[in-house]
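Reviewing the structure listed below.
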Amino acid sequence: MKKTVVITGITLAVILLAMGCSNPTSGSGTPGGNLGTGPLTLKGTIREEVDPTMQNPNYSYPLKNANGTLTASTGGTAEISGGSFEIEVEEPTPTVSVSTALGAFFSAWANVEDDNGSAKVDWLDLTTSGAIGTGEISKKKIQISVSGGGYTGSLQTVFYFYVDADVTITGGEATDSGTVYKAFTLNFKEGWNAVFWKDSFTATSGTVTLSVSNPDLYWVFDD
């Protein structure tokens, strides 16, 4: 599973404003981050992320208008038609302990702990093949605004985890290379859970927060 990286030091001359949204994600649970047990249905349109340039000083997300196949790491495939898809992701049987897997994923934080040593976890990766290209898709969005000779922005990403029992994960605040990783408490319920990673940044610093939630972002192709 890919880990989001912090954005810093982006050239002011090539940054304005990036915005976007995608089709919502549906599951068997609530519209929040706890999505319930059983198969998980995901749908949307696949976009490409075009970085800022001097000629085009903003992030853009044009449709990746191509066909292919989408495959879920936990099981399930679907057709991609003109960049659009709807996939039923199979319910996994987790085998990796939460302490091992999530401790590694949240390694930037201090004192990451969980309250259920027997809970196991799996996570979702979505890969593409065929004419659309070989790569992965993930839910993300970059927004940037320029004001007063400086800039601020955010990098937002959603990750999907499946746990076989209720578990609460906590992490303490830590700082690395100008980025503050804020303390978090994630209350996972048995089944699918969406984790929202938000990095709010300037040219020299960043603040990363985590929550159990599932906002509408772009489905972005990454080869």
ask   = What is the minimum heavy-atom distance between T128 and G133, and which atoms define it?
value = OG1-O, 2.8 Å

inquiry  = Assess the residue pair F106 and L186 against the criterion (side chain to side chain contact (heavy atoms under 4.5 Å, CB included)); give the C-alpha distance rounded to whole Å, side-chain angles, the decisive distance to 0.1 Å, and a yes or no.
reply    = CA-CA 12 Å; F106 300 121; L186 302 177; 3.8 Å; yes

task = For F188 and V195, run side chain to side chain contact (heavy atoms under 4.5 Å, CB included): C-alpha distance rounded to whole Å, both residues' side-chain angles, the deciding distance at 0.1 Å, then the answer.
result = CA-CA 9 Å; F188 281 11; V195 173; 3.5 Å; yes

query = Is it true that a side-chain atom of T157 and a backbone atom of W197 form a donor plus acceptor pair closer than 3.5 Å?
reply = no

Polar side-chain atom of W109 near backbone of K182 as donor-acceptor pair, under 3.5 Å = yes

ask   = Rounded to the nearest 0.5 Å, how far does CD1 of I46 lie from CG of D222?
value = 12.0 Å

query = Can you name the residues that form a side-chain hydrogen bond (donor to acceptor under 3.5 Å, both in side chains) with S118, not counting sequence neighbours?
reply = N116

note = Hits for side-chain hydrogen bond (donor to acceptor under 3.5 Å, both in side chains) against S99, two or more places apart or cross-chain, chain-then-number order -> D114

task = Could you tell me whether F105 and W123 have their ring centroids closer than 6.0 angstrom?
result = no

request  = Sort and list the pairs that fulfil side chain to side chain donor-acceptor pair (under 3.5 Å) and have at least one residue in residues 77-98, not counting sequence neighbours.
outcome  = E91-Y162, S97-T100

ask   = Does N111 use its side chain to pair, donor to acceptor, with the backbone of G172 at less than 3.5 Å?
value = no

key: Heavy-atom side-chain proximity of Y59 to D51 below 4.5 angstrom   = yes

side-chain hydrogen bond (donor to acceptor under 3.5 Å, both in side chains) partners of T175, counting only residues at least two apart = none

task = Kindly say whether G38 contributes a backbone atom to a donor-acceptor pair with the side chain of W192 at under 3.5 angstrom?
result = yes

inquiry  = Do E48 and Y61 pair up side chain to side chain, a donor and an acceptor below 3.5 Å, judged on atom types alone?
reply    = no

task = Looking only at non-hydrogen atoms, find the nearest pair between T168 and D115 and report the distance.
result = N-OD1, 2.8 Å

ask   = Looking at CZ of R47 and CG of L63, how far apart are the two atoms once the value is rounded to the nearest 0.5 Å?
value = 5.5 Å

message = For N65, give me all partners under side-chain hydrogen bond (donor to acceptor under 3.5 Å, both in side chains), at least two apart in sequence or on another chain.
response = none

message = Here's a test for you: under side-chain contact (heavy atoms from CB on, under 4.5 Å), which of T37, V121, L102 qualifies with V163?
response = V121

query = Do D166 side-chain atoms and E190 backbone N/O form a donor-acceptor pair below 3.5 Å?
reply = yes

query = Out of curiosity, L42 CG to L126 CG, how far, rounded to the nearest 0.5 Å?
reply = 6.0 Å

remark   = In terms of heavy-atom contacts, A174 and A108 come closest through CB-O, 3.4 Å

note = Minimal heavy-atom distance between V167 and A119, with the atoms involved, is CB-CB, 4.1 Å

request  = If a pair satisfies ring-ring contact (aromatic ring centres under 6.0 Å, His included) and one of its residues is in residues 125-147, list it, with sequence neighbours excluded.
outcome  = none

request  = Please determine which of L210, V98, T185, V212 meets the side-chain contact (heavy atoms from CB on, under 4.5 Å) test together with I169.
outcome  = V98

ask   = How long is the gap from OG1 on T41 to CD1 on I87, to the nearest 0.5 Å?
value = 9.5 Å

key: Atom of V50, atom of P62 and distance for their closest heavy-atom approach   = CG2-CD, 3.8 Å

query = Just by modelled atom types, is the S129 backbone N or O under 3.5 Å from a matching donor or acceptor in the T69 side chain?
reply = no

ask   = Short question: side chain of D199, backbone of L155 - any donor-acceptor pair under 3.5 Å?
value = no

task = Please round to the nearest 0.5 Å and tell me the distance separating atom CD1 of I137 and atom CH2 of W219.
result = 5.5 Å

query = Given N193, which of N34, N214, N187 fulfils the side-chain hydrogen bond (donor to acceptor under 3.5 Å, both in side chains) condition?
reply = N34

note = Rounding to 0.5 Å, atoms OG1 (T152) and CD1 (I144) come to a distance of 9.0 Å

ask   = Is a donor on one side and an acceptor on the other found under 3.5 Å between the side chain of K139 and the backbone of P215?
value = yes

